[in-house]
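Taking it in order: structure first as structure tokens, then the write-up.
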Amino acid sequence: MREKRRRKRQRRIFLGSMFGTLAVLAVAYCGVAIYFNSHFFFRTKVNGWKIGGMDMEAAEEKLDKSVEEYLLTIYDRDGEKHHIYGEDIGCKYVPDGSLEKLLEEQKPLLWIAEVFRSKDHEAPMPLDFQEGMMQEAVASLDFFQEENVQDPQNAKIIREEDGYHVEPETEGNRLIQENVLKKIKEAVLAGESSLTLTDEDYAKAEITQDSPQIAGVMEQIEKYQNAVITYEIKDYEESIGQDKILEFIQLGEDGTVSLKEDEISKYVQELASKYNTYADIRSFRTSSGDTIQIGGGDYGWIVNKEAEAAQIKSDLEGGQPVSREPVYSQRPYVAGKDDIGNTYIEIDYTKQHMWYYENGALVADTDVVTGNISRHNGSPDGVFKIVYKESPAVLRGEDYESDVTYFMPFAYNVGIHDASWRNGRFGGDIYKSSGSHGCINAPLEVVEKMFGKVEVGTPVVAYYREKVELTAENAKISNAFSYVEKE
């Protein structure tokens, strides 16, 4: 019985001690909870700064002192790091209630769960700075130093061996200082620890490969190059292809495209030099069977250089392939390398004989009397053409007037006509002393036959077999082969 009472007493003592201990622990736990109601949990950090166990005043003081160690890391477009230091911009901490909010969000009764756990809170850390120091610090950043700056380059059109191509724009790395300064200020004021610059902060090329002016110029160039010109010249192949067209294109400093008129004119000059046959020296097989060299006269192709240059420019601007003849100011009777052909009048002044061929067949031939050599009225030699036909006609000169039935001029005022006053006497050496003023006198019946068949434009090949010097005005004007200036 006594033992039973002793055990009961010991149980009461144990329970009392236990409850007492629990009461003490509860009071202590609540006391710590009350402490953390106004203090930050141990091992608490804000933006890396340790403020565990500090009350609000101490924490703000700690952050204020830490501002001197503030660092803003700036990442450029290439990921390179650049820094702004708090001490370089006169940085100051400006409380904004963020710490109060962080403290209010703590749950003091759960302090036991937080006390051994380190927690770094990200919270705004608003700062202030000195404007002048900020501008100076930003201006001194590496990416604003001219030796490190590459300006953006506009896209441009360049000519290479195979034509014109677009060279794309380049970005460069020039930053817009106004934009960067604004972003850095905002980041510092917000207490941010890093800032990443974006494309909007960089100067951009004014003209890109997608810009309308680039596309427009390339479209015009392509249009020019599409306008291949194929010339229709019998017996020849001649064209203005894309390679030649490239030589005509020029790009202005203002980015516009146009045609080089001087290059076009140069080409037309070459074209005319190649295909003009006017007054050319030609090889001609005579009716006597030999081959002579005869030049002068006014017969042959003449490219109208001014009109052809204008037509080329018009064709290129049209942008479509063109097949056409050159623009001529004069055309011969037939096309091709042999522009005399097989229908022509041949006059051998030395033999005083004339032939008329039509499509290679001899239609008429006769002795004639030509210009009086002894009186310096020798008939003009060269390759000419029948200019017109007249019947009847009156021939007039300074000291004569003659009526004829048929007249076919070919060299200025010199032509083929009947001459009744010759009384049927033609050929021989009559021309040397009693020749005409330059015209070709022929029997009426022959001239009549020729007059009915010869067309305006028919070639007239007239030549001497010996050296002569023609000084008459009609020889000069008609561009006679043997014309010489009077001394």
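Any value given below was found using the heavy atoms of this structure, including those in side chains, with hydrogens, waters and symmetry copies removed. All residue numbers refer to positions in the sequence shown, counting from 1. What you see is a predicted model, and the numbers here were worked out from it, not measured in a lab.
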Show every donor-acceptor pair shorter than 3.5 Å between a side-chain atom in residues 213-227 and any protein atom, with sequence neighbours excluded, or say none if there are none.
| residue | atom | partner | partner atom | Å |
| --- | --- | --- | --- | --- |
| Lys223 | NZ | Glu317 | O | 3.3 |
| Asn226 | ND2 | Glu222 | O | 3.3 |

Exercise. Is there a donor in the side chain of Thr256 and an acceptor in the side chain of Asp254, or the other way round, less than 3.5 Å apart?
Worked result: yes
Any side-chain donor-acceptor pair under 3.5 Å between Glu358 and Thr343? no
**Report entry** Ile207 backbone acceptor or donor facing Asn154 side chain under 3.5 Å
**Finding:** yes
Decide whether His82 and Asp142 meet the rule of one side-chain donor and one side-chain acceptor closer than 3.5 Å.
-> no
Discussion item. Counting neighbours of CD on Glu237 that are heavy atoms of other residues, nucleotides or ligands and sit closer than 6.0 Å, is the number greater than 12?
Written reply: no
query = Looking at the rings of Phe284 and Tyr344, which for Trp means the six-membered one, are their centres under 6.0 Å apart?
reply = yes
Within the side chain of Asp381, is there an N or O that forms a donor-acceptor pair under 3.5 Å with the backbone of Phe481?
yes
_Can a side-chain donor-acceptor contact be found between Glu308 and Tyr231 if the only test is distance below 3.5 angstrom?_
yes
Here the gap from Tyr464 atom OH to Ile294 atom CD1, rounded to the nearest 0.5 Å, amounts to 10.0 Å
- Query: Counting heavy atoms not belonging to Lys101, are there more than 12 under 6.0 Å from its NZ?
  - Reply: no
key: NZ or CZ of Arg77 within 45° of Tyr202 ring axis and under 6.0 Å   = yes
_Asp151 with Arg174: basic N within carboxylate O range, under 4.0 Å_ = yes
Look at Glu200 together with Lys183 and state whether they make a salt bridge at an N to O cut-off of under 4.0 Å. yes
| With a 4.0 Å cut-off, would you call Glu238 and Lys274 a salt bridge? | yes
Taken to the nearest 0.5 Å, the spacing of Met133 CE from Glu136 CD works out to 7.5 Å
Does atom NZ (Lys92) have a neighbourhood of more than 12 heavy atoms from anything else shown, all under 6.0 Å? no
Quiz item: cation-pi between Lys81 and Tyr75, 6.0 Å / 45°: no
Does Glu261 offer a backbone N or O that forms a donor-acceptor pair with the side chain of Ser265 under 3.5 Å? yes
Distance alone, cut at 3.5 Å: any donor-acceptor contact between the side chains of Glu473 and Tyr412? no
Quick test of your reading of the model: are Glu325 and Arg331 salt-bridged, counting only N-O distances below 4.0 Å?
yes
Handout entry: Polar contact flag, side-chain donor to acceptor under 3.5 angstrom, Ser283-Gln293
Key = yes
Check the angle between the aromatic planes of His39 and Tyr35 and answer parallel, tilted or perpendicular using the 30° and 60° thresholds.
parallel
Margin query: I'd like to know if Glu171 pairs up with Lys204 as an ion pair, taking the criterion as any Lys NZ or Arg NE/NH1/NH2 lying under 4.0 Å from an Asp or Glu carboxylate oxygen.
Written below: no
**Asked** Is the backbone N or O of Lys337 less than 3.5 Å from a side-chain atom of Asp235, with the two atoms forming a donor-acceptor pair by type?
**Response** yes
Q.
For Trp301 and Tyr278, I'd like to know if the aromatic rings sit close, meaning centre-to-centre distance below 6.0 Å.
A. no
- Task: Assess the side chains of Tyr483 and Glu469: does a donor N or O sit below 3.5 Å from an acceptor N or O?
- Result: no
- Message: Looking at Asn413, is its backbone amide N or carbonyl O close enough to the side chain of Asn474 to form a donor-acceptor pair, meaning the two atoms are under 3.5 Å apart?
- Response: no
_Heavy-atom donor-acceptor pair, Gln311 side chain to Val327 backbone, under 3.5 Å_ = no
